[in-house]
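As the structure is a prediction and not an experimental result, all values here were calculated from the model.
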Amino acid sequence: MADIKLFTSKPALNSKQNISDFVTLCRTQITVFGADLDFDCMSWDVTDSVNLRGHGDKRVRINFSTHETVNDLNPNQLGEPFVLLAKSYIRYIQGLNPTKNIAFRVSALRAIEFALREANTTNCPTLIDGTILNRASKIIVNSFAESTAYRIGSQLEMIGHFLDEHRFTRAILTWKSPIPRPIDTVRVGEEFDTKRAEKLPSEAALDALPKIFNLATDPKDVIFSSIAAILCSSPDRINEVLLLRDNCEVHDKDSEGRNVYGLRWWSSKDADPMIKWIIPSMVPVVQSAIEKIKKITQVSRDIAKWYELNPKELFLPDHLKYLRNKKLLSMAEVTQLLWSNCEHRSSARIWCEGNDLEFTTQSYLTCVKFEDVQQAILRSLPKDFPILNKDIGIKYSEALFVTRLNELHPHKATYNSNISVITINQVNTALGSRSEYEFESMFDRLGFKEPDGKPIKVTSHQFRHYLNTLAQAGGLSQLDIAKWSSRKDLKQNDAYNHVTTQEMVSLIRKAIGNKAKTYGPLASLPKNIPISRDEFARLKIPTAHTTDFGFCPHDYTMGPCEQHADCINCNEHICVKGDEFKSATVRLRLEEARDLLKKADEAVKDGYIGANRWSDHHRKTVHRLEQLVSILDDPTVEPGAVIQLSGVPNLSKMQFAIQDRETKKEVTKNQTRLGNAND
C-alpha cells in the first residue's frame, strides 16, 4: 500500500517556494508507483501499480515527453522546472484519485508546458494563468478527437484548480475548460450519420464475420473470429471477454423448464460478477466459438498447470521428454526444445546469447547445459505467474484465452514451453484496426473488403455500440440495457444509442393498430380504412424528431408547430415506455406543473386578471402528466410500448383570436370596475 501524505501550502511563502516544498514531498515521502521509483527518469514503468486488464505482459509507462515529440522514437522531456511539478502532480494525484488512464492527465500537462514555451516564458509553472490554459485547451482541441479532447480538458480544469488551491501561481486562477462535451443525442443529418458509422461495424464487416467464423482454419483466425462471435452475442467489453475462464459456460433451465445457456462474466468496471444468458438464436454460435477456442488453447492451460505443480521443472512435450536426461544440449536440440516450427539454424544460438547462457563444446558441437536452458525459460514465465489477474483471482491454467508464446504471431516461431495471453491489441489488429500500417487482418487473409475495395476495419468496442443500438431500437428498457451491458449508471446508455430517426419511426409505425403495443389513438385503426395497415402507418407517421419527453411526428412540410413546443398538451406527441431519461423528465415536469398550478390558484384567489386561464392550463397539464405517469408505472404495459395521449382540442387561429378578445373584454370590464370604485 502506497503512503499518502497531504500537502498543505503556506500562505506566507511565495508560489515558487510552495512548489519546491511540494516537489520535495512527492519525491521523498510519497511512495505511489513504488518507493524505488526513479523520480528523475523521463519514463516511469508503473505496470505493477496500474493493473490493466486484457493487456497481457505489455508494460505500462508514463512518458514525460513534450507535446510535439510524444510520438517520436527519441522524444524530448518536458522542460525544467515545469517537469518537476508535472511528475509530482501525477504521483500525488494518483494517490488521492487513482485512475487506470493516466494518459489524459499527462496529455493535459504536455499542453500546458507547450503553451508556456510558446509564450516565451521560462517554463516556470508560477506563470500559468487563464491565457496559458486557454491556449492549452486549443492545442488539445487541435490534437485529439472530440470525446478525447473533452476528457483531457476536464483534466486541464482539475490541474488549474489544483494550482490555484495550493497557491502555486502568482495570481488567483479561476478557470473552466471551454472544451464542450460532444453531443451524442443528435439523430438526424450528415453529422449523425458520420458519427454513427464511426461507432458501428460496417455492413461489409457484419456480412464477412459469420463467413470467416465458418471458413477459418488457421488457429489465429479461428480464435479471433470466435471472439467476434462472442462479442456479437452480448454487449461486453473486450477485456472482460479476454478474462473468461475455461469453465465460463452455464447450462440451466428457466421458469418454464426450457434449456437456457449463458456465460459467467467479471465486469471490468464496478459492476458485480454475473451470468449473462445468451439469446436462443446465438446459443449454437457461442457454444461453437467456446468449443473452438478451448480446442486450440487447451495445450497452453496444460503447460500452465504443469508449472503450478512443478515450479522448478521445465515443461516438455511428450516427444521431447527424453531431453530431460541430457546434461548438454546441442543447438539443434535447443531449437527442437524451444520452438515447434522454427526453421532458422542460428535462432537457438541467438536465444542462448540473449539469455547469457554459457557455451561449451562436445564432439565438435556447440552445446549449453540443459539446466541453464531450463532456468532461462522458467525466468521468462509471465510476471506474477501463476496468477493472471489478482482482482478476479484467475490463474493462467483457468483462463480461456491463454496460448503458447507467439502462437498467434504471423511470423515468429511458437514456443513449446512458454505461455502468454491474448491481448486487446492482438484482437484489434486481427479486426483490421492497423491495416493502414500494413498489419494483416483476418479480413485481409481471407479476402474480404469493403464495397469500395478498402480494407475492412472493426474495433472490439463497436460490437458493444451495435448491440446497444439494436436493444434501443427494439424497445428494451434502459435498466435492462444497463444490466445487459454491465453498467452501474443508466446515464451511460445514451452514449451507445445510435438509433436513427428512420428506425424510431419504423418502431412507431409497427405499433400502430396493435393494442398490446400502443396506448391512445394509435391503438385503433379507423373503421373501413381503404388502404393497408402499413400504408396507413406511413401516412400517419411520415417522420419524427426527438423531444424532452418522447417523439414528435408532426410533419413540418405541412405547417409549423401550433403548440409552440408545448409537447405534453399536443395530441400528436408520442412517448415510448422504457426510456428512463425521458421518463424522469416527465416526472420532473409533473412536479413543476403541480407547483405552477398551486401558484396560479393562489393568483386566482388574489384576483389577478387572467390568472384563471393559467389555472385552467396548468390543471390540464397536470392531468395529462398524471395520466402519462400512471401508464409508465403500470406493470402491465410492456417496455417499448408506444403511448399517445388524447383529449386536448387543437384550437384554430380563429378560436385563439376569440379567446384573446374575450380576455380583453374581461380586462376592460375589471379596469372600469376598479375606476368606479376609486371614484
Side-chain angles (χ1 to χ4, degrees), residues 71 141-149 182-233 235-238 241 282 285 289 408-411 422-474 495-506 543:
N71 294 319
V141 169
N142 294 333
S143 304
F144 299 94
E146 285 185 358
S147 58
T148 304
I183 300 175
D184 295 323
T185 56
V186 179
R187 293 287 180 266
V188 294
E190 184 178 351
E191 181 183 359
F192 169 70
D193 292 338
T194 302
K195 289 184 177 181
R196 173 186 168 89
E198 292 174 352
K199 297 288 187 180
L200 303 179
S202 67
E203 289 294 329
L206 294 174
D207 182 58
L209 284 170
K211 296 177 182 177
I212 294 175
F213 181 73
N214 289 316
L215 294 174
T217 56
D218 187 290
K220 56 180 173 289
D221 293 333
V222 172
I223 286 183
F224 292 129
S225 62
S226 297
I227 290 174
I230 294 172
L231 289 170
C232 284
S233 70
D236 305 299
R237 305 174 184 91
I238 183 59
V241 174
M282 286 296 292
V285 177
L408 303 183
H409 198 282
H411 308 299
I422 298 173
T423 65
I424 294 173
N425 285 340
Q426 287 177 304
V427 175
N428 283 328
T429 298
L431 293 174
S433 65
R434 296 200 290 171
S435 293
E436 59 187 302
Y437 302 108
E438 300 184 357
F439 284 84
E440 192 177 45
S441 70
M442 63 181 182
F443 300 108
D444 299 329
R445 285 190 289 271
L446 293 171
F448 292 95
K449 294 185 178 297
E450 293 286 351
D452 59 2
K454 293 182 179 179
I456 294 177
K457 298 179 182 179
V458 188
T459 67
S460 58
H461 208 60
Q462 285 180 331
F463 296 108
R464 187 169 167 85
H465 282 269
Y466 176 64
L467 291 180
N468 271 256
T469 299
L470 291 181
Q472 296 276 4
Y496 290 81
N497 181 8
H498 309 292
V499 179
T500 64
T501 306
Q502 292 82 0
E503 290 169 335
M504 185 52 65
V505 168
S506 177
T543 184

Calculate, to the nearest 0.5 Å, the distance between atoms CD1 and CD1 belonging to I422 and I223 respectively.
4.0 Å
Please identify each residue that fulfils side-chain contact (heavy atoms from CB on, under 4.5 Å) with V222, with sequence neighbours left out.
A216, S226, K292, I296
Under the rule for side-chain hydrogen bond (donor to acceptor under 3.5 Å, both in side chains), what residues qualify as partners of E440, not counting sequence neighbours?
none
With D207, which residues qualify under salt bridge (Lys or Arg N to Asp or Glu O under 4.0 Å), at least two apart?
K211
Which value, rounded to the nearest 0.5 Å, describes the distance between I227 atom CD1 and F463 atom CZ?
10.5 Å
Can you pull out every side-chain hydrogen bond (donor to acceptor under 3.5 Å, both in side chains) where at least one residue sits in residues 446-455? Sequence neighbours excluded, please.
S202-E450
How far apart are the closest heavy atoms of N428 and S460, and which atoms are they?
OD1-N, 3.1 Å
Rounding to 0.5 Å, atoms CD1 (I230) and SG (C232) come to a distance of 10.5 Å
I need the minimum non-hydrogen distance between M442 and F224, along with the two atoms involved.
SD-CB, 3.9 Å
Residue set satisfying side-chain contact (heavy atoms from CB on, under 4.5 Å) with P410, at least two apart, ordered chain then number -> none
Please list all pairs passing the salt bridge (charged side-chain N to carboxylate O under 4.0 Å, His left out) test where one or both residues lie in residues 217-226, with sequence neighbours left out.
D218-K220, D221-R445
Enter the distance from I238:CD1 to N425:CG here, rounded to the nearest 0.5 Å.
11.0 Å
Across all chains, not counting sequence neighbours, the salt bridge (Lys or Arg N to Asp or Glu O under 4.0 Å) partners of E436 are K457
D444 side chain vs S441 backbone, donor-acceptor pair below 3.5 Å:
yes
For T429, give me all partners under side-chain hydrogen bond (donor to acceptor under 3.5 Å, both in side chains), at least two apart in sequence or on another chain.
R434
Please walk me through it: do F443 and I212 pass side chain to side chain contact (heavy atoms under 4.5 Å, CB included)?
CA-CA 8 Å; F443 300 108; I212 294 175; 3.5 Å; yes
